There are 2 protein chains.
Amino acid sequence: MKISINKLKENIRNAGLRVTPQRLAVLEAVNMLGNHPTVEHLLQQLHKRHPGIATGTVYKVLDTLVAHQLISRVKTDHEVTRYDGIMDHHHHVYHQGSDKITDYQDQELDILLQEYFRKHAIPGFCIREVRLQIIGESIEDERNTNDTFPK
Amino acid sequence: MKISINKLKENIRNAGLRVTPQRLAVLEAVNMLGNHPTVEHLLQQLHKRHPGIATGTVYKVLDTLVAHQLISRVKTDHEVTRYDGIMDHHHHVYHQGSDKITDYQDQELDILLQEYFRKHAIPGFCIREVRLQIIGESIEDERNTNDTFPK
DNA sequence: GTGGTTGCAAACCCTTTGCACGGCA
DNA sequence: TGCCGTGCAAAGGGTTTGCAACCAC
């Protein structure tokens, strides 16, 4: 899951952006921190190795990276904005009771949804994307993995 | 879609809450405005008939109503919080380019998802709810008389 | 009566903005 | 060198908070 600095540089350049230390640092931090960091997480991480970086700059860089699809934004109800370094299409699993958000990806599911919406088109509406928010909680007991779906 | 004041009162009381004019007014406004109002929308509406109601109170009342499951919160990336008076399980359709959010409800879809996740349980995770965010845009077509999805 | 609610305004927090300076291409 | 990008600090805007007064039960 770790991407080399050179690969990140290339990604920035390929997006048509100038490669700056700040952009590189933010992009690296989003990828390194992994679990959908908040801006606070990112600032904390960034200040270790780039003490000079300004908060406003981090916000601007994040906006730029999102606009150029190098990262994406994630948000649930009543939460601050988080960021995601993985740009492949995927869904999100929200762990109630902890601040964890994990990714969920399955082609079979996406095909299922695609089929469904092909048959059940919404009149006057063109679907760009269908995202799932899978909400629930982690189970302490490892044996108990195969159950329960909301009624 | 319109619910009587008495029914709303009853809902508040059944939730174990005191029935106050403010709670009644906010709950009524959420239901009356329908299309996932923001706090701003609600305040505008409320000031017409309840000029005295305080902004802070509206926020507190909304929190209370959400906590007691009389309404729910809706949010997408980069948006302010909105509220929903419909508590039945349903999904949301986000209309890019306008601030419209409509509801989507279909039992066949829910059964499909239920089946899917029964077969593809997430290890160590108990699913409470699966929400779809259907993102796309309205098609501008004057021939299309019923271009919005039925609420 | 009395404990839950409200009104009010200040505080808060995350985020955005404006502008002069700095550094990438 | 030209222009995009950054640092900084102040402003913005939605939301929360603290507390005295109020009122639903």
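Naming convention: chains lettered A, B, ... in sequence-line order (proteins, then strands); numbering from 1 in each chain. Note that the coordinates shown come from a computational prediction; the quantities given were computed from them, not determined experimentally.
Summary of the strand contacts: T57(B) and Q22(B) both lie near DNA chain D, and taking for each the nucleotide with the nearest heavy atom, the more 5' one is attributed to T57(B). Heavy-atom distances to DNA chain C give each of E40(A) and I53(B) a nearest nucleotide, and the one nearer the 5′ end belongs to I53(B). Between P21(B) and V58(A), it is V58(A) whose nearest contact on DNA chain D lies nearer the 5' terminus.
Atoms CG (L62(B)) and P (dT15(D)) sit 9 Å apart, rounded to a whole Å. Look at CG on L65(A): it is 14 Å from C1' on dT6(D), rounded to the nearest Å. Look at CZ on R13(B): it is 18 Å from P on dG4(C), rounded to the nearest Å. The separation between L17(A) atom CG and dC3(D) atom C1' is 14 Å, rounded to whole Å. Rounded to whole Å, the distance from CZ on R23(B) to P on dC25(D) is 10 Å. The CG-P distance, from L43(A) to dT16(C), rounds to 13 Å in whole Å. L24(B) has its CG atom 16 Å from the P atom of dC23(D), to the nearest Å. Taking atom CG of L27(A) as the reference point, atom P of dG5(D) lies 15 Å away to the nearest angstrom.
Counting non-hydrogen atoms under 4.0 angstrom, T20(A) reaches the backbone sugars and phosphates but no base.
In this structure, the side chains of T57(B) and V26(B) stay at 4.5 Å or more apart for every pair of heavy atoms. Considering only heavy atoms from C-beta on, L132(B) comes within 4.5 Å of L113(B) through its side chain.
Between Y83(A) and H41(A), the distance from one ring center to the other does not fall under 6.0 angstrom.
Remark: R18(A) is not in phosphate contact with dG23(C), judged by side-chain N or O atoms under 4.0 Å from OP1 or OP2. Using a 4.0 Å cut-off, no side-chain N or O of Y59(A) falls inside it from OP1 or OP2 of dT16(C).
With dT15(C), dT6(D), dT16(D) as the choices, the nucleotide that has an atom nearest any side-chain atom of D63(B) turns out to be dT16(D). Side-chain proximity of K60(A) to the nucleotides dT15(C), dG7(C), dG18(C) is greatest for dG18(C).
A salt bridge links E115(A) with R118(A); the closest basic N to acidic carboxylate O contact falls under 4.0 Å. Salt bridge absent: E28(B) and R23(B) never bring a charged side-chain N and a carboxylate O closer than 4.0 Å.
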